[in-house]
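Presented below is the structure to which this report refers.
For the numbers below, each heavy atom of this structure counts, side chains included, while hydrogens, waters and symmetry mates do not. Convention: sequence-line order gives letters A, B, ...; per-chain numbering from 1. Predicted, not measured: the structure shown is a model, and the values here were computed from it.
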There are 2 protein chains.
Amino acid sequence: MASGISLKELAAELKLAPSTVSRALNDSYEISEQTKKKVLSMAEKLNYHPNPFARSLRENKSKAIAVIIPERINTFFAQVIDGIEEITQEHGYHLLVYCTHEDVEKEKKIVNLLLNGRADAIVMSVSSQTSDISHLHKLYERGFPILFFDRICSEIPTTKFITNDYQVTLEATRHLIQQGCKRPAFLMLSEDISITKERHRGFLAALKEAGISHNPEFSKVCCQNEETNIEILKNLLIQENRPDGILASVEKLALACYQAVKKTDLKIPTDLKIISFSNMGIAGLLNPSLTTISQPAFSMGEECARILIKKLTKTNQPALANEVVVIPSKITIRASTMVE
Amino acid sequence: MASGISLKELAAELKLAPSTVSRALNDSYEISEQTKKKVLSMAEKLNYHPNPFARSLRENKSKAIAVIIPERINTFFAQVIDGIEEITQEHGYHLLVYCTHEDVEKEKKIVNLLLNGRADAIVMSVSSQTSDISHLHKLYERGFPILFFDRICSEIPTTKFITNDYQVTLEATRHLIQQGCKRPAFLMLSEDISITKERHRGFLAALKEAGISHNPEFSKVCCQNEETNIEILKNLLIQENRPDGILASVEKLALACYQAVKKTDLKIPTDLKIISFSNMGIAGLLNPSLTTISQPAFSMGEECARILIKKLTKTNQPALANEVVVIPSKITIRASTMVE
DNA sequence: CTGAAAGCGCTTACAG
DNA sequence: CTGAAAGCGCTTACAG
């Protein structure tokens, strides 16, 4: 439907060669100011828009960046994308956004689709179940610029953005213990996600420090189905030796906890204290308000984008550095972890 | 970075003409089964991926659909996009997602950028402040397929998806009145959004029906700044003749109400009942849980996509019909509107 | 059933 | 400073 006028037609109208017009539009030093002005005004008048695909084909770049996330209905990811868009838009890049719904097969399909060059780079947070990473290796081997954030893939040597998960979880768990928790529980999403591992390490370190032995049954691997999660949690909470503090590594699980608690006689924070990783603006409006660890999502997106733009716009840039950039998260204490 | 092998190289490897290989890959009836098999297996072996831009240039279609929304951090829009992706992905379409942040100038820039054919169609929810719609007219005049959902632009004759705003607001307001509200207030986002108008009409109809006169001061036009909104609401709530029921046309404003109430001595639902348009899954976990009107976001996205796919994939399709498709919303009653 | 040729709309060496 | 020509990687009439 790109029904507009072409460069050739514009040139004919101006009685100039297409090459000259092209150079004038691209502000080449070879063209006189007078010609440039004439070309520009005529282009404006005739509503000329260069065909992006001809340009992409010729220059072998798409001017598009693919963003792959596990879910859209999640404030964190939405904020990251906002941050990416903020920076990339200034440089004329477009965002192709794909959602895996935590499904590795879908992730593979998307990644394979992008092998054809439709995007110049990929920014992604891997699907929670990702274990087979051959599709990511393929990208890397081809020299395709790829950058991870939050849910990173350690095996691929490229730039990764994460938060200070170990440290902040250590502090969060200390907070639970200070508030009187004797049997804190950690809820994680999936074992093969490195970021969750760090969070779990921080949790264990805090327990060790306080001389609390860890009940491995309290570290729950959860599934995608919300109902099932609530059921698992409810069963955990009604047993005699139930946890009295919960650290959720994902917002979804904290909310499932709230739901599960409703099905028991327990009260938050009296019987159970909860803290969760979450970027929801309304954590403070929950009942009771939720103590959160929020990640610097927007600036993380911006940083990803800046590095990418540098790589994509400057010539002879080396491959993306194999480094892990750590940005600190922030703990906001609210009612769900208050001592009565 | 589309560094892969080209059709020409693949053809050379097969000792066939590029045209034959192209036809074989596209499963043309002109090619023998044997040749097709040979070509397909070699393409697989050499990891051939057709260049999307060459194809787009040749066929004059992008295989991309642009989605323009006012904000990303909003469950409703996220769900709609999920729905659009669900359908379009099956047909090989990619989603370019743009966020206007409720800024008309940004919306104009994005729309003008899309005039070059980078996307085959646009699905959009207009920015709240949209009043000058020349940029949308331009699209329409060029025959560019454009489809509106939720925040529609009535002046452009194309297919629009909305919810039964008048009817559901009428019912929601009746509910407030039944629950004892004598001075219900309606909160709207902006006057020039047609969808908000319908909601306001439904509200007024319910008041009339109940013989309640409307205090226009209670129909608030709110701004983008959260702090300011909270301040406006607080001031509204501390006056003597304050509203005793609130119908928020946007989730954001209901949350601002919760915040504003915290700054007063009022209690929800005792002193003030609140109902809001919202697709948040966690409305039930707010304090108190929030009565909501939720829109069928996912299926709305799916429906948009189906119509678009039909238009884009079948030849000789007429322009998108100038019709308004209405999908019903659902009221979920929770604590925020309960009689004590 | 297969192939040679033209062309989609750009950009950029190469000439002058 | 401007222009003619080639080519990016496809597809599709047109031949045979």
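Taking the six-membered ring for Trp and thresholds of 30 and 60 degrees, A:F53 and B:F53 have nearly parallel ring planes, at less than 30 degrees apart.
Under 4.0 Å is where a charged nitrogen must lie from a carboxylate oxygen, and between B:D120 and B:K63 no such pair does. In this structure, B:E102 pairs ionically with B:R151, as a charged nitrogen and a carboxylate oxygen lie closer than 4.0 Å.
We find that CD1 of B:I31 is positioned 9 Å from P of C:dC1, with the value rounded to whole Å. In this entry the distance linking CG of B:L25 with C1' of D:dC10 reads 11 Å, nearest Å. Remark: C1' of D:dG7 and CG of B:L7 are 15 Å apart, rounded to the nearest angstrom. Spacing between atom CD of B:E59 and atom P of D:dC10 amounts to 12 Å, rounded to whole angstrom units. As rounded to whole Å, 8 Å separates atom P of D:dG9 from atom NZ of B:K8. In this structure, B:F53 atom CZ and D:dG7 atom C1' are separated by 18 Å, rounded to whole Å. What separates NZ of A:K37 from P of D:dT2 is a distance of 14 Å, to the nearest Å. Atom-to-atom, CG of B:N60 to P of C:dC10 comes out at 11 Å; the value is rounded to the nearest Å.
For the residue pair A:N51 and B:R118, no side-chain donor N or O sits within less than 3.5 Å of a side-chain acceptor on the partner. Judged purely by distance below 3.5 Å, without hydrogens or angles, the side chains of B:E71 and B:N74 pair a donor atom with an acceptor atom.
For C:dC10, the OP1/OP2 oxygens have a side-chain nitrogen or oxygen of A:Y48 closer than 4.0 Å. Listed pair B:S6 / D:dC8 fails the phosphate criterion, with no side-chain N or O lying under 4.0 Å from OP1 or OP2. A sub-4.0 Å separation between OP1 or OP2 of C:dT2 and a side-chain N or O of B:T35 is present.
Place B:R55 and A:S32 on DNA chain D by their nearest nucleotides, and A:S32 ends up nearer the 5' end. Residues B:L57 and B:K36 each lie close to DNA chain C; by heavy-atom proximity, the contact nearer the 5' end of the strand is made by B:K36. The nearest heavy atom of DNA chain D to B:E30 and to B:P50 marks one nucleotide each, and the one closer to the 5' end goes with B:P50.
Side-chain contact check for B:E30 versus B:T20: every heavy-atom pair is 4.5 Å or farther apart. The shortest distance between side-chain heavy atoms of A:L96 and A:I65 does not fall below 4.5 Å.
DNA chain C contains the following stems of three or more consecutive Watson-Crick or G-U pairs, with both distances under 3.5 Å: C:1-3 with D:14-16, C:5-12 with D:5-12, C:14-16 with D:1-3.
When the nucleotides D:dC1, C:dC10, C:dA5 are ranked by their closest atom to the side chain of B:S19, C:dA5 comes out on top. Closest to the side chain of B:R23, from the set D:dA5, C:dC1, D:dC14, is D:dC14.
Nucleic acid contact class of B:T20 (heavy atoms, under 4.0 Å, all strands): base. Base contact: B:S22 has a heavy atom under 4.0 Å from a base atom. Across all strands shown, A:S56 has no heavy atoms under 4.0 Å from either base or sugar-phosphate atoms.
With B:I68 as the fixed residue, the side-chain contact (heavy atoms from CB on, under 4.5 Å) test singles out one of B:V123, B:V126, B:L114, B:V97: B:L114.
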